[in-house]
Every structure is written in structure tokens, then in C-alpha cells.
**Student:** 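Sharing a structure here in C-alpha cells format.
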There are 2 protein chains.
Amino acid sequence: MEDSDLGNDDTDTSGPDVEVRTLADLARVAGVSAGTVSRALAGKSLVNAETRERIQALARQYGFRPNQMASKLRSRRTGVIGVVIPLGHEKRQQISDPFFLTLLGHLADQLTEAGYDLMLSRAIPDGTPDWLERITGSGMVDGVLLIGQSDQSEVIDQVVSHYRPLVAWGNHREGQKHIVVGTDNELGGRLAAEHLIACGARRLAFFGDTGGIEIATRLRGARAAAEAAGLHITHVPIKLADAEMGPQLEAAFAAPDADYDGIVTASDLIAMSALHVLHEMGRKIPGDVQIVGFDDLPLARLTSPPLTTVRQEIGQGAKVMVEKIRALIEGETRISKVMPPTLIVRETTRS
Amino acid sequence: MEDSDLGNDDTDTSGPDVEVRTLADLARVAGVSAGTVSRALAGKSLVNAETRERIQALARQYGFRPNQMASKLRSRRTGVIGVVIPLGHEKRQQISDPFFLTLLGHLADQLTEAGYDLMLSRAIPDGTPDWLERITGSGMVDGVLLIGQSDQSEVIDQVVSHYRPLVAWGNHREGQKHIVVGTDNELGGRLAAEHLIACGARRLAFFGDTGGIEIATRLRGARAAAEAAGLHITHVPIKLADAEMGPQLEAAFAAPDADYDGIVTASDLIAMSALHVLHEMGRKIPGDVQIVGFDDLPLARLTSPPLTTVRQEIGQGAKVMVEKIRALIEGETRISKVMPPTLIVRETTRS
DNA sequence: CTGAAAGCGCTAACAT
DNA sequence: ATGTTAGCGCTTTCAG
């Protein structure tokens, strides 16, 4: 019969002789139309189950993958979320902040789980909204997640006036237009300072650069607590330049009136560095100086002594950011979320 | 003069009344064809300098950005590099390894500098090449950077047989098809063990899970050094499960014959955790036990005592990976690069 | 130097 | 349930 001869053509299951790069190619091989192949591969229900499976098998056999660019162009949906790290107020051109990196890791996990791809950009704000609009306006992403607002809160507000699906990590400010997920930084700073004061510290300092609003707010909280106790807190603006943090700290401790006995730091990283420098100077912790970190990175429990710190819920934050961006993309409405920090008492304070 | 009257038409610089979303829209506004707008915006030389500038000004004024999907589809060039983290041999579903995260940060910097966008994917190898081909075959990226090979060396080889622009970080194996940038792990392991032996350690252990080839090779190097000195080295397969590392280490030290006096670790993270656990057990470092880390993360110098470790050149590695992927994309040929590690002696060994 | 025309590979009406 | 028809918005010959 002619039919069986036809059937025999199927025996070449291994050596694909014809190049099948496009839907049309596969359609030809399968003897159907491109439209059907498209539907079959998308797993749509309006295709006969067995043709669908046959086509999927064929696709596998020929190693065919639909071109995403074409698909995205046509469907006006990219399946990609842009994750942007604004490298603003700190002049370093490098992504190295372990907090951001940790948040990024969690975001990657959550986005993958939600079926999104992640496009990472580092951006250097320049006063105009251009650094952000280059990403929102490119048609390359369905939404944007900002890891930190730096000092760009106004610019971001301006962008969301015409670009909705955007969620930032960071500090929430009254009257702010864009949606933010973050920690109550003022409370965090206050918790840290209050704890230090309760543990007997009197000569307080805050270590951290207040160029970004988050840190500035932590300082405000710490200062409020100090003032409530009738104390002064000295602000020492340590920049996060990795290796160069040591010298900055040494200089800070060498200053004439620098015999601090309680230090609130803007991050665990600064705290760890301070711990190290103080240790080298022969100061006892928490005997001579008490320190509170910020973030509660996984590493905080590994320092010696283990670091007392203000915990931010990074994993939870990532989850919430992804939930919100998805909702925004679906056209729903969402509001900001401020999460309360918790004080984790370990051994760099006298508890 | 008529000229000044003409100039007055430009006063509506603020209120774009017509929506200009596409090249064609802008072309209409500019009174030229879409082709010319495309060329002007691409900065091509074959456009009259002043029409080009006029069009660019118009684009800026209307906030117009060409749709990347369309551009990429047409030009068959995405300007995107895929960065893939294979979450293979370790079952954790999470990106948290600080080494990978650090490498990722450097890659982001280098790629941005080279004008590429970065698409991050975490992948869970499943025995087939599918986890990788989903990315290489999607038409979404111009090339792929793999952060670690996990135990997928053969699969990767298979993929590069038909997909050239791929560079992996990791261990180089003789006869391997794909291009790798990485550290001489065997040498690294040997340096660590030799140093420990030279410092008087005799009861050696290697802490780390050898599921990935990199770690297995480090163990091989350490073992070779031990055997050359007539010593035995005990392999303790610590998994990188963040918080759960403590208990694993405690169990390791509680084992009957576990009075190690020299420990080679597979990463700084394990070393830091071990440091912490030993500290809690009241063991002196380096007095009772000496430890050598691996990676030399920025944090290694901050432990107390500061960590003796085997340094991998992460920043340099990222630079090399990006150089190689760019060359491969251009159709050039490249070979693997094995970088020598260096021993950084700090204070967890008796030097 | 610029315009017109032809797709890149796919999806989504609209038919049938 | 499947085929047909039209584009998505851009780039790039090919003319002029």
C-alpha cells in the first residue's frame, strides 16, 4: 500500500536531514499549518491532543525551539523582569554589596519560580530619568524591580507616572508615588540605638554613608533614640568601598573624641569591618565597645563574637516584590509594604 | 527674517500631543521615512548630519525608544548574554553561594561595560541537555556564560558541539570541548595542604562536598600533598545548606576520630563556619586547629583570626570570561584559561 | 543621502 | 480542530 510506504518515512527518528529552524519548517514536516504548530507547542487546549503530542515529539526530535524574539514581538509580552541596581550615591562602579547580592539571589529564585526571566542591569543615575527609562521604555521587560532607590526617589516617581509595573526595594516615604517594599528603617535604627543604650552605652556613634535615603532614615531613628535618652550620637560617614573600609574605620577611631562605647552600623558589612579593626586595636567587644549591625546576613552569626544586628527579611521581601510586580503587570493595584525589622541579639552587645 | 519665524515653531518642546511609539510615528513627525529614522537613531554615517541630529532631538523630545524586540528580531542580534547558574549537585534551590554571587557581580560590571545586557537564569540540570538548550536555543541571547559546571561537563560538551558562544567558569579537564575559565583547583588544594603540613599539622581533613568537579579536584590536590608527606587526609562532605552547615560541622567534630589539627576547606564560607563552630567548642585557632579557606572573598580578611586562604582571581576571571565570549560571538577562536591560585597566609595557620 | 519594499519568526483573529 | 491572513516594529537591501 502507498500508505505504509509513507509511514516508513518516519523511521529516521535520529538523523534530522532537513533543517527545521522555524515554525513553518516544523509545520511542513508535520504536515500541518504554522498556526497549529504554534498552538500545539504553547500547549493550548484547542488542539487535538494527539496532533499536539505528535508535534511536540517532532519538535523534540528536531531540537526545535521557537524564536523568543519573534514570539515576544508578536505577543507583546516578554516574560522578562528587569532588575536594576542603581549605583548612585556611592561612586563605586561595582556591584559588591552583599545585601544587594543576597536580595538579588532571592529575586532570581522567586522570579524563576513565577516563570519569569531576569534581566540584570546596573545603572548609574545621572540626574535625568534616562538611566531608568532606558530600561522601562525599551520594550524588553514586562516590569522593573529596583534594588534600592539610592537618592533617586523623585526620578522614580516621575517614571512611574507613565510606567506602572515598577517596584522598588527601599525606604517608604510619605506621599511617594512608586511602590516600595522594604524595612522600617527608622524603627531599625531606633531599635539598634535603644538596645545599645539599654546595654549601658553612652558615647554613641552611627557608622554609614547617608547618601541613600535608607541609611539616612536609620540614622534618624538612631538619633531619635539617643535624644530621647538625652545622649548625642556622632555620625561617621563610612563609604562602602570594600577594601578601603579598613582605613576609614581606623581614621574614625583615631579621631580625638572617638572613644565610642556603642556603635550603630548601617550594615553588617560595616559592622564586620569595625569588629575586625577594633579587634586589631585590642579593644574588647562587647566589653569596651558594643556594636549592632544591620541586615542580618547569613554571615552575621559567624563573626566572633557573633553579631547583634537588626534583621531585614530579605527572602520575604523578595517574595513580596515579585508578588506585587506580577499583580501590577496584570493591571491590578498594589500599595507599598513596610516590614518591621527585628533586633537579633547575639554577642557584640552586653544584652 | 523668515528664519526666526521658522524657529518659533519649535516652542512646543514640552507637550507632545501625538503619541509617538513607533519608528513610523516619529518618521511622520519628522517628515522623513522610517528607514531614515532607523539609520539616524542608530547613528549611522550615511545620514545627513543635521537630519540625524534633528531626528535624535525629536526622539528625545517625545521620549521615544525603539522597541528592542522588533530590533532584535530583525537584526538577529540580541545584545544579551545569558548567565546561567546550574544548581546541580547541591539540592538547594537557592542562589546563595557568595562566591557565585561575587562572580556574578563582576560579570555584570564587565558585561555592562562591554555594552551587553545580562539575562540571569538559574537552572536545575536534569540529566538531559535541556536545561541549557532552553537558553542557548531560545534566540534570546547572543552567548552564554555558565557560572560553574556542576557535574554537567559532558552535557555542556554536547551542547557546544552545535552552540559555539559558551564559556564556563570552573575546572578545566583534559579533552574537554567547551571553553572554561577557572582556577587550577588541584594546585589550590595542594597549596593549602602543603602549607598546613609545613605548619605542623598532621591529622588532616578536607571539608567539602565533592559533587561538583571543582571541589573534587581540590580534594585530589590536597590528598596528593598529604600522601607525598606520608599523611592521610579525611574527607568530610559538608553540604552548602547555609544555616544547616553548623550542625554538619558539629557532627563532623564529634566523630570518634575527629581530632583534626589541620583543615582544608572547599570554600571560605565553610572555613568561616568551621571557625565559628570550633570557637564555640573552645578550640584555639591556630593553636589547636589550623584552617585554610578557599576563594579569598573580601570577607576572608575580616574573620577573627583573619583567614588564611587560597585566592581565586574572581575579578580577573570575569574579565577573561567576557573577553572570550565576545570573541566567540565574533566568530573567533579561543581556548580555555587556567589561572594559578595563590596562597594568602593570614592568621588561621601558624605560618 | 533618502524612500520604498520586503521580510525577521511568530501569534491571534477570523474563517472554515 | 485546523488553515489562512495579517501584522508586531524594526532593519536592510535596493532603487533613485
**Student:** Mind jotting down which residue pairs meet the salt bridge (Lys or Arg N to Asp or Glu O under 4.0 Å) criterion with at least one end in residues 316-335 of chain B? Sequence neighbours excluded, please.
**Tutor:**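 Of all non-adjacent pairs touching residues 316-335 of chain B, those that pass salt bridge (Lys or Arg N to Asp or Glu O under 4.0 Å) are Glu323(B)-Arg334(B), Glu332(B)-Arg334(B).
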**Student:** Side chains of Arg54(B) and Val32(B): does their closest heavy-atom pair fall under 4.5 Å?
**Tutor:**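 Arg54(B) reaches Val32(B) side chain to side chain.
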**Student:** Between C1' on dG7(D) and CE on Met69(A), what's the gap in Å once rounded to a whole number?
**Tutor:**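 Checked: the CE to C1' distance equals 19 Å.
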**Student:** How far does CG of Leu107(B) sit from OH of Tyr116(B), to the nearest 0.5 angstrom?
**Tutor:**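 Taking CG in Leu107(B) and OH in Tyr116(B), the distance rounds to 14.0 Å.
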**Student:** Output the rounded distance in Å from CG (Leu26(A)) to C1' (dC10(C)).
**Tutor:**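 Between C1' of dC10(C) and CG of Leu26(A): 13 Å.
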**Student:** Over how many whole Å does the gap from Met140(B) atom CE to dC8(C) atom C1' extend?
**Tutor:**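 Spelled out: CE on Met140(B) to C1' on dC8(C) is 17 Å.
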**Student:** Quick one: OH on Tyr163(B) to CD1 on Ile156(B), what's the gap to the nearest 0.5 Å?
**Tutor:**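 Here the rounded value is 13.5 Å.
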**Student:** Rounded to whole angstroms, how far apart are CZ on Arg28(B) and C1' on dT2(C)?
**Tutor:**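 Rounded to whole Å, this separation is 18 Å.
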**Student:** To the nearest Å, how far apart are Arg54(A) CZ and dT2(D) C1'?
**Tutor:**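 Rounded to the whole Å, the gap is 12 Å.
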**Student:** With a 4.5 Å cut-off on side-chain heavy atoms, are Gln176(A) and Asp157(A) touching?
**Tutor:**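 Result yes, sub-4.5 Å side-chain heavy-atom pair found.
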**Student:** For each nucleotide in nucleotides 10-16 of chain D, reading 5' to 3', give B when a protein heavy atom comes within less than 4.0 Å of its base, S when such contact involves only the sugar-phosphate, and - otherwise.
**Tutor:** BBBB---
**Student:** Kindly indicate whether the side chain of Asn67(B), heavy atoms from C-beta on, has any atom under 4.5 Å from the side chain of Thr22(B).
**Tutor:**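 SC-SC contact between Asn67(B) and Thr22(B) ruled out.
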**Student:** Take the protein atom CG of Leu73(A) and the nucleotide atom C1' of dG7(D), then report the distance between them rounded to whole Å.
**Tutor:**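 The answer, rounded to whole Å, is 9 Å.
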